[in-house]
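For reference, the structure is listed below as structure tokens.
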Amino acid sequence: MQQVLSFVESNKERYLAQLKELLAIPSVSSQSTHNADTRGCAEWVATEMRAIGMNNVQIFETPGHPIVYSEWMGAPGKPTVLFYGHYDVQPVDPLNLWTSPPFEATIRGDNLYARGSADDKGQIFIHFKSIEAYMKNQGKLPVNIKMLIEGEEEVGSANLDNFVKEHKELLKGDLVLISDSSMFAKGIPSVCYGLRGLAYMEVEVTGPNTDLHSGSFGGSLHNPIQALSEMIASLHDKNGKITVKGFYNDVRPLSNVERAAFKKLPWNDKKYAKGLGLKQLYGEKGFTTLERLWARPTLECNGIWGGYTGEGAKTVLPAKAFAKISMRIVPDQDSTKIARLFENHMKKIAPKTVQVKVTALHGGEPAITPIKSPGVQAAVAALEKGFGKKPLYQREGGSIPIVVQFKKLLGLDTVLLGFGLPDENAHAPNEYINLDNFFGGIRTSVHFYNELPKYWKNK
Ligand code: BES
Ligand code: ZN
């Protein structure tokens, strides 16, 4: 072990150089202009897996972006970890808000800035390096590992379910490990045990059959942008509650134990608001910020467009208006049901002056993973060793829909071992990974694989 950890200490410069290579590939899964880059990234991942000593490295084609698989099964009798992560990234726009180019990883202060540095390339790379450190120094790992790295997580993992269904035997293991979330705060490691789910919708509102001169026609009909805005504005009441009928029916109330545990966490609303440049926070009345972030459902407008948005003025009354609306959902809500409730609601509140079309783009279910599982307990021990501090338990507001599918299809619980930070700018300009978290992450990963068999034995 000591040798493995010293190896990590003495290879830091090389790690950063290699990570920069991975981060230079613009594997933006949502943009077809980047399809070749996304494939190139899958190949980079496969090459890296071979280099660190993984076996049976395969690139599986899907109707979308490829899935990369590999395994190291040389520890008979020891648990098998199914490691999941994603090599795709979010788009980079607005590009002009990046301080350094998104695909040229740049160190400023204690952080490495690049798209994908935290979400999720930097975090999968952490595990590549801990595996490599074992293989280079001991020629073996303390556990069996299967790695499943996909390229469509940021666009809803459309082809992953089928892949898992069709490769149940290949993916057989004892637990899932994912590093695609954040620590509670800088210097405060945490294990995450809950994720929200998602129902993502697009709304199209149509008024007249063509764009019209706003002078000649204005006053005679309902502008679709106005109609859509009125509908969206009515989706929250004055207490910040969502007005979609039946929306809260299946929400599992927070237990007193959990509420008390959240209250004990080191959290400060004022500091949080200040960090976001806000004078005041907003949200559902009757719940604390952490409760609203982690354990309450939300409805957000992600984008709204229509009419003229180019330079200067154009007097036009648009024929259509659009919005992308997502709902984060919590146990025991179901994304399909919520999508249906939303569609019905929008149709019901639509004024007679316009027509409304609602499309569900993608969804995923919320997840809670058992804290007492040996995997989580091994993660707690590993974080304490890797960061020199006992971790906290937390939930997250984000979504990793495959977590529930791993449970349903393979019967596996997931350990969420995140090394990002809440202000890491994921999905936004200037995404970064903190270097202490990056190197602490590699140490923690080394410890996790070493601790797991001990905790597994006492299961
Ligand atoms: N890494 C995130 C998930 C995440 C975010 C976990 C914040 C914990 C905290 C992941 O890459 C992501 O962004 N997922 C999408 C899922 C969606 C496209 C189905 C998300 O949450 O928006
Ligand atoms: Zn991610």
Side-chain angles (χ1 to χ4, degrees), residues 22-23 27-31 38 41 45 64-65 83-92 114-127 148-161 176-185 190-202 290 292-295 297-303 324-330 333 335-336 338-339 360-369 393-405 414-428 431-433 437 441:
L22 172 58
L23 293 171
S27 48
V28 182
S29 50
S30 62
Q31 297 174 335
T38 306
C41 196
V45 167
H65 301 299
F83 178 83
Y84 162 84
H86 62 96
Y87 67 82
D88 65 322
V89 298
Q90 287 276 335
V92 296
R115 172 57 87 231
S117 51
D119 185 10
D120 181 32
K121 288 173 173 175
Q123 299 210 50
I124 58 179
F125 189 77
I126 280 172
H127 292 272
L148 176 67
I149 314 289
E150 72 151 321
E152 297 186 300
E153 197 274 348
E154 299 292 5
V155 286
S157 303
N159 296 297
L160 191 59
D161 260 30
V176 174
L177 174 64
I178 302 180
S179 289
D180 190 22
S181 52
S182 302
M183 303 201 327
F184 186 77
S190 57
V191 180
C192 176
Y193 66 93
L195 294 163
R196 289 195 288 195
L198 186 71
Y200 201 115
M201 319 293 293
E202 185 162 321
L290 283 183
R292 298 198 309 254
L293 284 171
W294 295 347
T298 59
L299 183 151
E300 301 288 347
C301 188
N302 296 248
K324 301 213 188 250
I325 293 178
S326 69
M327 290 158 284
R328 294 284 165 175
I329 59 173
V330 300
Q333 288 176 301
S335 66
T336 315
I338 288 295
L361 296 185
H362 61 69
E365 307 315 322
I368 296 283
T369 75
Y393 291 102
Q394 70 161 105
R395 282 165 74 166
E396 276 281 10
S399 310
I400 308 177
I402 197 64
V403 169
V404 168
Q405 295 306 95
T414 293
V415 176
L416 295 161
L417 188 56
F419 302 112
L421 284 176
D423 67 352
E424 70 195 7
N425 298 321
H427 298 200
E431 178 179 349
Y432 73 86
I433 189 158
N437 283 23

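Ligands are counted one by one from 1 in listed order, and the atoms in each one are counted from 1 as well. This one's a predicted model, so the numbers in the text were calculated from it and none came from an experiment. Computed from heavy atoms alone, side chains included, the values below leave out hydrogens, waters and symmetry copies.
With a heavy-atom cut-off of 4.0 Å, Arg328 touches ligand 1 through its side chain alone. Contacts between Cys192 and ligand 1, counted as non-hydrogen atom pairs separated by less than 4.0 Å, are absent for every part of the residue. In Asp119, the part holding a heavy atom less than 4.0 Å from any atom of ligand 1 is the side chain.
The aromatic rings of His127 and Phe419 lie tilted to each other, with the angle between the two planes from 30° to 60°.
A heavy-atom distance below 4.5 Å is not found between the side chains of Leu195 and Ser399. Residues Pro401 and His362 form no side-chain contact, since every pair of their non-hydrogen atoms from C-beta on lies 4.5 Å or further apart.
Shown in contact with Glu154 at under 4.0 Å from a heavy atom are these atoms of ligand 1, numbered in order with element: 11 (O), 12 (C), 13 (O), 18 (C). Here is the list of ligand 1 atoms found below 4.0 Å of a heavy atom in His86: 11 (O).
Across all their heavy atoms, Asp88 and Glu154 have their closest contact at OD2-N, 2.9 Å. Closest approach of Gly397 and Trp294 over heavy atoms only: N-CD1, 3.7 Å.
Among all protein heavy atoms, the one lying closest to atom 17 (C) of ligand 1 is Leu198 CD2, 3.6 Å. Looking from atom 16 (C) of ligand 1 to the surrounding protein, the closest heavy atom is Ser399 O, 3.4 Å. The protein atom (non-hydrogen) at minimum distance from atom 7 (C) of ligand 1 is Gly398 CA, 3.8 Å. For atom 9 (C) of ligand 1, the nearest protein heavy atom (residue, atom name, distance) is Glu396 OE1, 3.1 Å. Of the protein's non-hydrogen atoms, the one nearest atom 10 (C) of ligand 1 is Glu153 OE2, 3.2 Å.
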* Begin from the C-alpha positions of Ser190 and Gln394 and carry the test side chain to side chain donor-acceptor pair (under 3.5 Å) through to its verdict. => CA-CA 7 Å; Ser190 57; Gln394 70 161 105; 2.7 Å; yes

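Within the 4.0 Å heavy-atom cutoff, Arg196 does not count among the residues contacting ligand 1. At a 4.0 Å cut-off, not a single heavy atom of Gly364 sits close enough to ligand 1 to count as contact. In this structure, Gln90 does not count as a contact residue of ligand 1, since none of its heavy atoms falls inside 4.0 Å of the ligand. Taking a 4.0 Å cut-off on heavy atoms, Asp180 registers as neighbouring ligand 1.
Asp119 has its closest N, O or S atom to the Zn ion (ligand 2) at the position named OD1.
For Asn159, the side-chain hydrogen bond (donor to acceptor under 3.5 Å, both in side chains) criterion is met by Glu152, not counting sequence neighbours.
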